[in-house]
Amino acid sequence: MCPIFRAGARNRTRWRSPIVQIVVRDNNVEQALRALKKKMQREGLFREMKARQAFEKPSEKKARQRAEAVRRARKLARKRAQREGIV
């Protein structure tokens, strides 16, 4: 095997996101769980887990990404219009 491939395999682990840490205060586990769920929701982990449950065809993936981009652009335009006082 070429040394380039071996070096690339080692470096792949560097790009993982940091581990989420939640501090449990006063043995209040329920509050810590709520904080954990909120962080996971913000990071998009629930959506990613749901998406990984089944294979998504490349054409479906492209269509979904286009739709998400359109949604983001509309939301940004709506916010911009609201800031400028148009809406």
Side-chain angles (χ1 to χ4, degrees):
M1 183 174 268
C2 182
I4 295 172
F5 292 120
R6 277 189 276 130
R10 259 184 301 177
N11 292 336
R12 253 186 243 130
T13 57
R14 278 192 208 164
W15 299 109
R16 288 187 181 162
S17 60
I19 296 172
V20 177
Q21 291 183 349
I22 303 294
V23 179
V24 179
R25 296 186 185 128
D26 301 327
N27 290 331
N28 194 347
V29 179
E30 289 82 20
Q31 183 181 9
L33 276 173
R34 278 197 305 266
L36 176 65
K37 281 184 175 180
K38 195 178 290 187
K39 278 191 178 185
M40 290 174 71
Q41 183 74 34
R42 261 188 263 132
E43 294 293 324
L45 285 176
F46 293 124
R47 186 184 304 150
E48 186 176 342
M49 285 190 299
K50 186 177 178 183
R52 287 177 185 240
Q53 283 179 352
F55 178 74
E56 185 177 22
K57 289 172 36 180
S59 60
E60 292 173 351
K61 185 176 180 180
K62 286 178 191 175
R64 180 183 48 79
Q65 287 176 340
R66 278 192 206 113
E68 287 175 357
V70 167
R71 226 175 283 123
R72 276 193 310 269
R74 284 184 184 157
K75 184 176 181 180
L76 185 67
R78 196 168 43 246
K79 281 187 174 184
R80 192 176 297 138
Q82 192 175 31
R83 245 184 283 129
E84 293 173 0
I86 297 172
V87 175

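Here the structure is a predicted model, which means the values were calculated and not measured. Numbers here are sequence positions counted from 1. Computed over heavy atoms, backbone and side chain alike; hydrogens, waters and symmetry mates excluded.
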Go through the structure and list residues passing side chain to side chain donor-acceptor pair (under 3.5 Å) with [X], not counting sequence neighbours.
X: Gln41; answer: none
X: Glu30; answer: none
X: Arg42; answer: none
X: Glu43; answer: none

* To do: Answer yes when Glu48 and Arg52 have at least one side-chain N-carboxylate O distance shorter than 4.0 Å, and no when they do not.
  => yes
* Within 6.0 angstrom of Arg64 CZ, more than 12 heavy atoms from elsewhere -> yes
* Asked: Is it the case that more than 12 heavy atoms not belonging to Glu56 sit under 6.0 Å from its CD atom?
  -> yes
* Pairwise side-chain contact, Leu76 with Arg72, heavy-atom cut-off 4.5 Å (strictly under) -> no
* Gln21: side-chain contact (heavy atoms from CB on, under 4.5 Å) partners, not counting sequence neighbours -> none
* Asked: Mind checking what makes side-chain contact (heavy atoms from CB on, under 4.5 Å) contact with Arg71, not counting sequence neighbours?
  -> Ala67, Glu68
* For the residue pair Phe46 and Lys37, what are the closest heavy atoms and their distance? -> CE1-O, 3.7 Å
* Asked: Roughly how far, to the nearest 0.5 Å, is the CG atom of Leu45 from the NZ atom of Lys39?
  -> 12.0 Å
* Asked: Measuring from Met40:CE to Ile22:CD1, what's the distance to the nearest 0.5 Å?
  -> 10.0 Å
